[in-house]
Amino acid sequence: MLSVYLAGEIHSNWREEIIQLCEKEKLDVKFTSPVTDHEASDNCGVEILGAEEKNFWKDRKGANINSIRTKKSIQDCDVIIVKFGEKFKQWNAAFDAGYATALNKSMIVIHNDDHQHALKEVDGSAAAVASDQKQAFRILKYILQGSLK
């Protein structure tokens, strides 16, 4: 079984696209990801540890708790796929890519051509740079089956 962590933007269904393509082909892949419920991710710290008056400390609590999940998931994966979306700056995705690189994880990056220059260092650390989810899926299929069909 190949363990794949799906990092990056949370404002589209790109994760489900890759998961469905892998399920359709019956690939032996286990997927993990960050919490993609934006409200839950933002509020986990204050919901679990108590309210904060300042947003800085609210965000800090949530970020620290989320980082436990993120670090564990990246450490445990065989491959990380990092998607940079078009609408928002995903600083967390860049951080995840850097952490994965430090751990010498195999990384597939997905982004459009508009982000090529801004992400050149991230791309330089990646094993592959894909332009969409289908290309990332095809890489996973090739890894597992060694076939282009």
Side-chain angles (χ1 to χ4, degrees), residues 1-112 114-116 118-137 139-141 143-144:
M1 175 177 293
L2 187 69
S3 175
V4 178
Y5 182 68
L6 301 171
E9 69 104 354
I10 64 169
H11 301 284
S12 72
N13 68 343
W14 73 272
R15 288 176 179 82
E16 290 77 23
E17 290 178 46
I18 292 174
I19 292 168
Q20 288 172 359
L21 287 165
C22 288
E23 287 174 349
K24 183 178 176 185
E25 293 287 326
K26 296 181 176 47
L27 298 184
D28 193 13
V29 181
K30 175 189 167 204
F31 291 100
T32 56
S33 70
V35 172
T36 57
D37 176 332
H38 205 175
E39 187 175 332
S41 177
D42 283 349
N43 294 322
C44 67
V46 293
E47 287 289 326
I48 296 168
L49 301 174
E52 290 292 341
E53 289 183 31
K54 295 187 177 187
N55 278 338
F56 175 84
W57 295 112
K58 174 190 174 231
D59 288 345
R60 181 73 176 262
K61 279 183 177 180
N64 286 350
I65 290 173
N66 284 316
S67 76
I68 297 168
R69 179 187 176 95
T70 300
K71 286 177 184 176
K72 175 75 172 131
S73 296
I74 293 173
Q75 288 168 2
D76 291 349
C77 76
D78 300 311
V79 175
I80 180 172
I81 298 176
V82 185
K83 163 83 173 181
F84 290 89
E86 297 155 23
K87 190 172 181 183
F88 299 98
K89 304 273 190 261
Q90 288 103 45
W91 309 120
N92 58 321
F95 185 85
D96 292 351
Y99 187 62
T101 298
L103 294 174
N104 201 31
K105 295 292 177 172
S106 295
M107 181 169 54
I108 301 166
V109 174
I110 304 171
H111 64 74
N112 65 28
D114 293 340
H115 291 15
Q116 180 275 319
L119 294 172
K120 64 186 177 296
E121 284 82 7
V122 173
D123 290 352
S125 294
V129 179
S131 60
D132 59 32
Q133 290 72 252
K134 183 154 185 167
Q135 287 182 344
F137 153 74
I139 293 167
L140 295 178
K141 185 175 177 181
I143 291 167
L144 288 167

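Being a predicted model, the structure only gives us computed values, none of them experimental. All heavy atoms count here, side chains included; hydrogens, waters and symmetry mates do not.
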For residues 74-81, which side-chain N or O atoms pair as donor and acceptor with protein atoms under 3.5 Å away, sequence neighbours left out?
{"residue": "Q75", "atom": "NE2", "partner": "Y99", "partner atom": "OH", "Å": "2.7"}
{"residue": "D76", "atom": "OD1", "partner": "K72", "partner atom": "NZ", "Å": "3.3"}
{"residue": "D76", "atom": "OD2", "partner": "K72", "partner atom": "NZ", "Å": "2.7"}
{"residue": "D78", "atom": "OD2", "partner": "S3", "partner atom": "N", "Å": "2.8"}

Side-chain donor-acceptor distances from residues 50-62 under 3.5 Å, at least two apart:
{"residue": "E52", "atom": "OE2", "partner": "K61", "partner atom": "NZ", "Å": "2.8"}
{"residue": "K58", "atom": "NZ", "partner": "N43", "partner atom": "OD1", "Å": "3.0"}
{"residue": "K61", "atom": "NZ", "partner": "G50", "partner atom": "O", "Å": "2.9"}

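In this structure, R15 and K83 have side chains that are not in contact, with every pair of non-hydrogen atoms separated by 4.5 Å or more. Side-chain contact between I68 and N64: absent, with no pair of heavy atoms (C-beta onward) separated by less than 4.5 Å. Side-chain contact between H111 and D123: present, with at least one pair of heavy atoms (C-beta onward) separated by less than 4.5 Å. Within the 4.5 Å cutoff, the side chain of P34 has no heavy atoms near those of the N66 side chain.
To the nearest 0.5 Å, atoms CD1 (I139) and CD1 (I108) are separated by 4.5 Å. The SG atom of C44 sits 10.0 Å away from atom CZ of R69, with the distance rounded to the nearest 0.5 Å. Rounding to the nearest 0.5 Å places CG of N104 at 7.5 Å from OG of S106.
Among residue pairs with one or both ends in residues 25-40, those qualifying as side-chain hydrogen bond (donor to acceptor under 3.5 Å, both in side chains) are E25-K141; sequence neighbours excluded. Legend: ring pair (Phe, Tyr, Trp, His ring centres under 6.0 Å) pairs involving residues 63-83, not counting sequence neighbours: none detected.
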- Carefully, step by step, assess F31 and I18 under the rule side chain to side chain contact (heavy atoms under 4.5 Å, CB included). CA-CA 10 Å; F31 291 100; I18 292 174; 3.9 Å; yes

- Query: What do the steps show when you test C22 against L140 for side chain to side chain contact (heavy atoms under 4.5 Å, CB included), and what is the final call?
  - Reply: CA-CA 8 Å; C22 288; L140 295 178; 4.0 Å; yes

- Message: One pair to check against side chain to side chain contact (heavy atoms under 4.5 Å, CB included): L49 and I65. What are the steps and the verdict?
- Response: CA-CA 10 Å; L49 301 174; I65 290 173; 3.9 Å; yes

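Across E9 and H11, no two heavy atoms sit closer than the pair OE1-N, 2.7 Å. Heavy atoms only, all atoms of each residue included: A130 and A136 are closest at CB-N, 4.0 Å.
No donor-acceptor distance shorter than 3.5 angstrom exists from the side chain of W14 to the backbone of L6, with no hydrogens or angles considered. No side-chain donor-acceptor contact under 3.5 Å links D96 to the backbone of V82. Between the N112 side chain and the H115 main chain, a donor and an acceptor come within less than 3.5 Å of each other.
For S131, the side chain to side chain contact (heavy atoms under 4.5 Å, CB included) test picks out Q135, with sequence neighbours left out. Applying the salt bridge (Lys or Arg N to Asp or Glu O under 4.0 Å) criterion to D132, with sequence neighbours excluded, gives no partner residue.
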